[in-house]
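Notes follow once the structure below has been shown.
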Amino acid sequence: MGEKNPRWALGLLLAVGWLGAHRFYLGRHASAVAQLALSLLCAALWLWGGPAARYAPYLLGPIVFWLLRDGFWLFDYFRVEEDMDSRLSAFAQSQLDEQASMPAAKAQVAAAPIPVSVAQPSIAAALPADPPPKPAADPQIDKKSLAIQMAQKHIGDALASQDVQTAHAEADTLVRYLAQRSRKPQSDPHLAMAYLLQGMTFYQTGQLDAARKKLQMGVHLGAAFAELAQPVQQAQVLLQRLRSPQTAPGGATLPALQPGQYPLLMQSQDWAQALTWCEQTIAMRQAGQDGDVHDLAQHHLHAMEIAQHLGDAERQRVHGQAVLALSLRDGGGVPAPMQRSALQQLGDLYLAQGEHRRANGHYAQALALVDLRSSGNAAAQALGLCMLLQRLASTHAALGETAQALQCWQRLALYLDSLDRLDQQGQHMPDPEAVSFMLADYAAFAIRHQPTRVKALVQQALRIQQRSCRGYSLAAARAYEVFADFLAAHGQTDARRSALKKALLLVQICDPDNSAHLMQLKTSIRGEAA
């Protein structure tokens, strides 16, 4: 697709938008044909007259709504394009300036591989080395390649400076941009590369669940392209480490480490050794009587995280209680976010053990520590509050306190609506997949208690995933499964089977290793067919 003029697109929408002309112009042929067919059907019913004419207004409403929505869609479409064009232009110029100012000898030194030290591992080592080669004749493919190069550089720089939020934003922006430009995601190596890059970014920052999902999707999309063989192989190695953490490399680095450097062992997922040295660090801090309560609480939180990976519930509880005890000291100096993290992890621990009342109490205490007016990323803080409300609602529901659970869900929905509005206005939504999962969980609760809200909640979850990743995510699969349960409760067998098939397709793409989930969906579909 060549460069498109926003004035032409808007003019086509206003003049002959009901024929889908603006979508044909932008290369969205499938939706354009659907729009054209709907409009022609409406016109045919109207001109046919007689009893059939009364059905025309029922089609006219959706057509008008679709065209109004397309106005906002075009604005967002070209805003993303213009923003990326300006960034790519600046990046390309900076690359040219850097090459022009770099002497030949210096360029050779810069091109040589840099040895990775034990004490300071290379941040970019796990990122794909190069984007796939493309023919230079197509300027659009060149633009996609340049976008991948820019994202790689910015993500590497952000991770090197410990700016995790910027790294995640860069990876997410790249995926959204390439998803918007990809007409057939299964046939676009650039989109596959973007998912691989995003997954490896999550892996580098310790968000292992998100890394697994994105890496699996990148491997699924990129396996068909020979030019992506190397990054796909890298991703498969990382996935193997995530499936079998004990096989992760790290043994050779142990002699060079000290107890205070246990985070390096956490990065290599050597959890047993990491916990031993983390607790040694805590013991040294306590023996030193240095009064740095903030630092001591941080080590306890790390110990909770490591113990969770090891499945050691007792040590996780002990370290969590230690953080709370530090916060009760006079002038303890434990910040509210650290107290909230400890309370939330303890609540998760008790919830997993079936102690819903204790979990509910910890979640309530953590919720009381949330302050959306404090400095920082307000959207991220709102998302954290929503996660606590979700947990609190689940414990209320498990305790049979339906009214309290409903209050939590309704309050959560208000915050999610505000995040959704920000996302529609072009502002970055933190973790859209988590937002959609929460909406799907609310819909699952609403099947019994608020059935009129189920469809709207599912549609909102799917819209967020459509904007974020063209609907290819486990959150979208979860939304379809919840909707299938809703349809089953109303006896709509055919519609339920269709929703389950969509969920199955998404799970096959995004989580192909989850054989239990796949078998469950296939069994449900066969049961409906029988």
Side-chain angles (χ1 to χ4, degrees), residues 113-131 147-176 178 191-219 221-222 228 230-253 256-257 261-271 273-274 278 298 301-302 305-306 308-309 377 380 428 430-434 468-469 510:
I114 301 175
V116 179
S117 66
V118 171
Q120 196 171 16
S122 174
I123 294 292
L127 299 181
D130 295 298
I148 292 174
Q149 293 176 16
M150 180 181 71
Q152 285 178 314
K153 183 178 186 305
H154 290 171
I155 290 171
D157 293 344
L159 292 177
S161 60
Q162 304 296 319
D163 190 351
V164 174
Q165 185 175 351
T166 299
H168 289 173
E170 286 288 338
D172 184 65
T173 299
L174 177 68
V175 169
R176 296 183 68 174
L178 292 178
L191 184 59
M193 188 74 179
Y195 279 118
L196 290 171
L197 182 60
Q198 188 178 36
M200 292 178 185
T201 303
F202 281 131
Y203 181 87
Q204 289 292 83
T205 55
Q207 298 192 17
L208 303 184
D209 288 338
R212 180 179 59 82
K213 296 173 186 176
K214 300 302 180 182
L215 287 172
Q216 285 177 338
M217 192 163 185
V219 169
L221 294 176
L228 288 179
Q230 182 179 356
V232 165
Q233 186 177 8
Q234 283 182 280
Q236 289 172 334
V237 170
L238 297 183
L239 285 172
Q240 183 60 36
R241 292 181 183 176
L242 292 175
R243 297 186 190 102
S244 305
Q246 67 274 11
T247 64
T253 64
L257 296 175
Q261 294 177 300
Y262 65 85
L264 295 176
L265 292 170
M266 295 174 65
Q267 290 180 9
S268 65
Q269 301 181 51
D270 187 352
W271 302 115
Q273 188 73 10
C278 179
Q298 186 63 64
L301 287 175
H302 283 158
E305 179 185 350
I306 299 168
Q308 181 182 13
H309 282 286
N377 189 331
H428 179 66
D431 202 346
E433 193 163 7
S468 172
C469 57
C510 303

For the residue pair [X] and [Y], what are the closest heavy atoms and their distance?
{"X": "Pro231", "Y": "Met193", "value": "CG-SD, 4.0 Å"}
{"X": "Leu239", "Y": "Val219", "value": "CD1-CG2, 4.1 Å"}
{"X": "Ile306", "Y": "Trp271", "value": "CG2-O, 3.2 Å"}
{"X": "Ala211", "Y": "Gly199", "value": "CB-O, 3.4 Å"}
{"X": "Ala167", "Y": "Ala158", "value": "N-CB, 3.8 Å"}
{"X": "Gln216", "Y": "Cys510", "value": "OE1-O, 2.9 Å"}

Could you tell me which residues satisfy side-chain hydrogen bond (donor to acceptor under 3.5 Å, both in side chains) with [X], sequence neighbours excluded, listed by chain and number?
{"X": "Asp172", "answer": "His428"}
{"X": "His168", "answer": "Thr205"}
{"X": "Gln298", "answer": "His302"}

Check side-chain contact (heavy atoms from CB on, under 4.5 Å) between [X] and all other residues, then give those that pass, not counting sequence neighbours.
{"X": "Ala171", "result": "Ile155, Gln198, Thr201"}
{"X": "Ala169", "result": "none"}
{"X": "Ala194", "result": "Leu174, Val175, Leu178"}

Candidate list Lys214, Gln152, Gln234, test side chain to side chain contact (heavy atoms under 4.5 Å, CB included), partner Met200, passing option: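 Looking at Lys214, Gln152, Gln234, the match for Met200 under the side chain to side chain contact (heavy atoms under 4.5 Å, CB included) is Gln234.
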Point-to-point distance, once rounded to the nearest 0.5 Å, from CG of Leu215 to OH of Tyr203: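 One finds 9.5 Å between CG of Leu215 and OH of Tyr203.
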Reported NZ-to-CE distance for the pair Lys153 and Met150, which is rounded to 0.5 angstrom: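 Reported value, rounded in 0.5 Å steps: 11.0 Å.
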